[in-house]
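Please read all numbers here as calculations on a predicted model, not as lab measurements. Hydrogens, waters and symmetry mates are skipped; everything else that's a heavy atom, side chains included, is used.
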Amino acid sequence: LPRHMFGNLQSKMFPAYFMLISACAAISVAAFAYLHPWKTASTVERYQLGFLLSALGCNLSNLLVFTPMTIEMMKKRHKIERDLSIGEEVGWSKNQQVAKSNPTLAAMNKKFGMIHGLSSLANIMSFGSLAMHSWYLASKIEL
């Protein structure tokens, strides 16, 4: 797909993805907290609730903060790129080359990269928390 079309597709997919994963994490938190009340939970179970809460927090931050910011920056950047007649190419982008001579585009790229990086970090932290909880669940399996 051309870069702008791909970005527009992702701007529709990621909010749905983060909403679904946040709903699943919220259900997991509620179920785990119900089955392992804090007052009677072991230390390991309390850690597991912390991992699930961490995953929920990271996913909600992506859904409510980083994704809207990323989409807004993407739209602004696409407008600048269209004005410069770039962004419709498939494959290697002309953006970086043009940004060397266009300080507005360079600033947009830097801000977009920072927000996108924070979103990726939150996603990785959520994945790590859910991996730790999966490890806990796997330890409960008896074959």
Do Asn95 and Arg3 have side chains that get closer than 4.5 Å, going by heavy atoms? yes

Could you walk me through whether Lys75 and Ile71 satisfy the side chain to side chain contact (heavy atoms under 4.5 Å, CB included) test, starting with their C-alpha distance in whole Å, then the side-chain angles of each, then the deciding distance to 0.1 Å, before giving a yes or no? CA-CA 6 Å; Lys75 287 179 180 180; Ile71 291 170; 3.8 Å; yes

Is there a path from Met125 to Phe66 through hydrophobic residues (I, L, V, M, F, W, Y) whose side chains come within less than 4.5 Å of each other? no

Side chains of Tyr136 and Phe32 in contact at under 4.5 Å (non-hydrogen atoms): yes

For residues Phe127 and Phe51: do they belong to one hydrophobic cluster (side chain heavy atoms under 4.5 Å, members Ile, Leu, Val, Met, Phe, Trp, Tyr)? no

Given side chains that start at C-beta, do those of Leu105 and Ile86 come closer than 4.5 Å, heavy atoms only? yes

List the atom of Asn123, the atom of Asn62, and the distance in Å for their closest heavy-atom pair. N-ND2, 3.6 Å

side-chain contact (heavy atoms from CB on, under 4.5 Å) partner of Lys79, the single match among Glu81, Arg82, Arg77: Arg82

Find out whether Leu35 and Glu45 are in side-chain contact, i.e. whether some heavy atom of one side chain is under 4.5 Å from a heavy atom of the other. no

If every non-hydrogen atom of Pro68 is compared with every non-hydrogen atom of Leu63, which pair is closest and at what distance? CD-O, 3.4 Å

Are the side chains of Leu49 and His36 in contact, using a 4.5 Å heavy-atom criterion? no

Given 3.5 Å as the limit, does a donor-acceptor pair link the side chain of Ser134 with the main chain of Leu130, or not? yes

Do Val44 and Tyr47 make a side-chain contact, defined as non-hydrogen atoms from C-beta onward lying under 4.5 Å apart? no

Atom CE of Met19 with >12 non-hydrogen neighbours under 6.0 angstrom: no

Heavy-atom side-chain contact between Ile115 and Glu72 under 4.5 Å: no

If you compare all heavy atoms of Ser126 against all heavy atoms of Asn59, which two are closest, and at what distance to 0.1 Å? OG-ND2, 2.9 Å

For Phe112, enumerate each residue passing the ring pair (Phe, Tyr, Trp, His ring centres under 6.0 Å) test, keeping only those at least two apart in sequence or located in another chain. His116

Evaluate Asn8 against His78 for side chain to side chain contact (heavy atoms under 4.5 Å, CB included), listing each step before the verdict. CA-CA 10 Å; Asn8 289 330; His78 282 187; 4.0 Å; yes

